[in-house]
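One structure, as C-alpha cells, below. Some questions next.
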Amino acid sequence: EVFCQKMMGDGIAVVPSVGKVYAPASGRVSMLFPTYHAIGLILTDGVEVLIHIGIDTVEMDGEGFKSYVHVGDVVEEGTLLIEFDVEKIKNAGYETDVMVIITQLSQYSLIHKTEADELTIQDVILDIQ
C-alpha cells in the first residue's frame with residue numbers, strides 16, 4: 001500500500017529473474033536497512049533513490065540477503081549493491097518485486113517509466129526531468 005499510493009515517492013517495480021541489485025548510477029549509499037532488503041542512494045546529480053527488494057521481506061530478518069556496500073560508500077553505476085535469494089523469498093511466501101523509487105517526487109515534473117516487458121542491466125527503467 002505504501003508503494004501503490006506513492007507515499008515514499010514514485011517509481012517502478014521489476015520482477016527479478018536474478019537476485020542482484022546494481023547501482024543505477026554513480027552516487028553514495030545514504031541508507032541501508034540492517035536486513036539488507038532496502039537501500040537508499042543519493043546519486044551524483046542529487047536524485048534520491050530507494051531500492052526495496054520484495055514485499056514484506058523485512059520479516060525475513062536478513063535471511064537470503066547479502067550486502068556488498070555500507071552507508072557512506074561511494075559507488076559507480078553498475079556496482080553490485082545487494083544479492084538476494086529469489087527462491088528463498090518465494091518459498092517464504094513473499095513477493096520478489098524490486099521497487100525503484102524516486103523519493104523526492106515534488107522536485108521533478110516528469111518521471112518516464114519503461115514499458116518494456118523484459119529488461120537487462122543496461123536498460124533505462126526510469127527517466128526523470
Side-chain angles (χ1 to χ4, degrees):
E1 190 172 311
V2 170
F3 295 110
C4 289
Q5 294 183 10
K6 300 181 184 178
M7 292 179 191
M8 299 291 294
D10 196 7
I12 192 167
V14 176
V15 178
S17 59
V18 176
K20 294 183 179 184
V21 172
Y22 296 93
S26 297
R28 180 179 53 81
V29 178
S30 59
M31 181 276 298
L32 180 61
F33 234 81
T35 55
Y36 305 139
H37 76 285
I39 187 168
L41 302 170
I42 299 176
L43 306 182
T44 53
D45 61 4
V47 174
E48 295 178 15
V49 178
L50 170 67
I51 302 172
H52 190 282
I53 303 164
I55 298 174
D56 294 330
T57 50
V58 66
E59 301 296 327
M60 294 180 68
D61 201 28
E63 282 292 317
F65 294 84
K66 180 179 180 181
S67 176
Y68 291 90
V69 295
H70 301 92
V71 172
D73 284 358
V74 174
V75 297
E76 298 298 320
E77 179 178 339
T79 299
L80 178 60
L81 303 173
I82 297 173
E83 278 188 314
F84 57 99
D85 188 328
V86 174
E87 290 306 312
K88 187 172 260 191
I89 293 171
K90 287 179 182 178
N91 291 338
Y94 300 107
E95 298 292 327
T96 60
D97 301 34
V98 176
M99 280 73 63
V100 180
I101 308 295
I102 307 301
T103 58
Q104 78 277 38
L105 189 58
S106 63
Q107 295 182 18
Y108 304 99
S109 59
L110 176 68
I111 295 182
H112 174 73
K113 303 171 193 176
T114 186
E115 295 180 13
D117 289 335
E118 292 190 24
L119 302 166
T120 68
I121 190 172
Q122 292 84 18
D123 292 330
V124 174
I125 60 172
L126 290 173
D127 183 28
I128 59 176
Q129 299 175 4

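Along the sequence shown, residues carry numbers from 1. Just so you know, these numbers use all the heavy atoms, side chains as well, and skip hydrogens, waters and symmetry mates. Owing to the predicted nature of the structure, the values given are computational and were not obtained by experimental measurement.
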Where Glu77 and Pro24 come nearest, the two heavy atoms and their spacing:
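Closest approach of Glu77 to Pro24, heavy atoms only: CG-O, 3.6 Å.
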
Passes side-chain contact (heavy atoms from CB on, under 4.5 Å), Ile102 versus Val49? Steps please.
CA-CA 5 Å; Ile102 307 301; Val49 178; 4.0 Å; yes

First locate atom NZ of Lys90, then atom CG of Asp85, and finally report the distance between them rounded to the nearest 0.5 Å.
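So the gap between those two atoms works out to 10.5 Å.
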
Is there side-chain contact between Thr96 and Val15, with at least one heavy-atom pair below 4.5 Å?
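Side chain of Thr96 against side chain of Val15, heavy atoms only: contact under 4.5 Å found.
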
Is there a side-chain contact between Val29 and Leu41, using heavy atoms and a 4.5 Å cut-off?
yes

Taking every non-hydrogen atom, the tightest pair across Leu80 and Lys20:
CD1-CB, 3.8 Å

Could you tell me if the side chain of Met60 sits less than 4.5 Å from the side chain of Ile89, heavy atoms only?
yes

Relative to each other, are the rings of His52 and His37 parallel, tilted or perpendicular (30° and 60° limits)?
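Ring orientation of His52 relative to His37: perpendicular.
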
Is there a side-chain contact between Phe84 and Thr57, using heavy atoms and a 4.5 Å cut-off?
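No, their side chains stay 4.5 Å or more apart.
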
Can you measure from CG (Asp73) to OG (Ser30) and round to the nearest 0.5 angstrom?
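Output value for this atom pair is 11.5 Å.
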
For the CZ atom of Phe33 and the CD1 atom of Ile53, what is their distance to the nearest 0.5 Å?
12.0 Å

Can you tell me how far apart OH (Tyr68) and CD1 (Ile82) are? Round to the nearest 0.5 Å.
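Interatomic distance, Tyr68 OH to Ile82 CD1, rounded to 0.5 Å: 10.5 Å.
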
Is Ser67 close to Ile39 at the side-chain level, that is, under 4.5 Å between some pair of heavy atoms?
no

